[in-house]
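Keep in mind the model is a prediction, meaning the values are calculated, not measured.
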Amino acid sequence: MGKITKEKYEFALARIEELLPIVDDNTPANDRNAVELTMMSDIVIDYEKEHYPIAKPTVAQLIQLSLDEKNMSQKQLADEIGVSPSRISDYISGRAEPTLKVARLLCTTLGITPAAMLGC
């Protein structure tokens, strides 16, 4: 498609705002507005992938996010996987990386996928 300029990106964003009220789940996929909405969305997605890449969360961030989602304390997690609360604090602060055995327990206990834990 070539390089998407900031102007094209901003135009696409504005067009999406105009098209969203017109296109809904009942609009046929080949409808002119639906096709244009898809094209404008693709422009926005491509531009944002290039200019605003999303970094993968670190192990520390994954653990903290999971604790927050589960409303679980570091101490509860430590008790559940059999390590000290200070060890959990080390993982969350990034001072230490969990061993493979502990990483497996973290995945199971917190519902983190192994791929995410490995940064894939």
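To the nearest 0.5 Å, atom CD of residue E18 and atom CE of residue M40 are 10.5 Å apart. For the atom pair T27 OG1 and R32 CZ, the distance stands at 12.0 Å (nearest 0.5 Å). We find the OG-CZ distance between S41 and R15 to be 11.5 Å, quoted to the nearest 0.5 Å.
Counting only heavy atoms from C-beta outward, the side chains of Y47 and K8 never approach each other to under 4.5 Å. A 4.5 Å side-chain heavy-atom check between I92 and L67 finds at least one atom pair inside the cut-off. When side chains are defined from C-beta on, I88 counts as touching I81, because their heavy atoms get closer than 4.5 Å. Contact annotation: the side chain of K6 never approaches that of H51 to less than 4.5 Å [non-hydrogen atoms, C-beta and beyond]. Side-chain contact between L65 and I112 is absent, with no heavy-atom pair separated by less than 4.5 Å. The shortest distance between side-chain heavy atoms of C107 and T113 does not fall below 4.5 Å.
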_Would D46 and E50 count as a side-chain contact (heavy atoms from CB on, under 4.5 Å) here? Give the steps._
CA-CA 6 Å; D46 289 347; E50 183 181 341; over 6 Å; no
*Start with the C-alpha distance between L110 and M72, add both sets of side-chain angles, then the distance that settles side-chain contact (heavy atoms from CB on, under 4.5 Å), and finish with yes or no.*
CA-CA 9 Å; L110 296 175; M72 183 184 248; 4.0 Å; yes
*Determine, step by step, whether I16 and L37 satisfy the side-chain contact (heavy atoms from CB on, under 4.5 Å) criterion, reporting the C-alpha distance in whole Å, the side-chain angles of both residues, the deciding distance to 0.1 Å, and the verdict.*
CA-CA 6 Å; I16 288 170; L37 181 60; 4.0 Å; yes
*Tell me, with the steps shown, if R87 and Y91 meet side-chain contact (heavy atoms from CB on, under 4.5 Å).*
CA-CA 6 Å; R87 203 73 187 130; Y91 301 147; 3.4 Å; yes
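Summarising the local packing, CZ of R95 is surrounded by more than 12 heavy atoms from other residues, nucleotides or ligands at distances under 6.0 Å. Around atom CG of D68, more than 12 heavy atoms belonging to other residues, nucleotides or ligands sit under 6.0 Å away.
Between Y9 and Y52, the ring planes are tilted. Angles from 30° to 60° get that label.
For the pair I4 and I43, the tightest heavy-atom approach, listed with the atom from each and the gap, is CD1-O, 3.6 Å. T58 and Q61 get closest at one heavy-atom pair: N-OE1, 2.8 Å. Across all their heavy atoms, D31 and N33 have their closest contact at OD2-N, 2.9 Å. In terms of heavy atoms, Q74 sits closest to Q64 at NE2-OE1, 4.2 Å. Scanning all heavy atoms of the two residues, the minimum distance from A34 to P28 falls at CB-O, 3.5 Å. Between A103 and P98, the shortest heavy-atom distance links the atoms N-CB, 4.0 Å.
Hydrophobic clustering, with ILVMFWY side chains joined whenever heavy atoms are under 4.5 angstrom apart, keeps I45 apart from L13.
The backbone N or O of L106 lies less than 3.5 Å from no partner atom in the side chain of T109, so there is not a single donor-acceptor pair. A donor-acceptor pair is defined here as one N or O able to donate and one able to accept, closer than 3.5 Å; such a pair exists between the side chain of Q76 and the backbone of S73. A distance-only check finds no donor-acceptor pair linking the side chain of E17 to the backbone of A14 [under 3.5 Å].
Taking the side-chain contact (heavy atoms from CB on, under 4.5 Å) definition, one finds that T38 meets it with D42, sequence neighbours left out.
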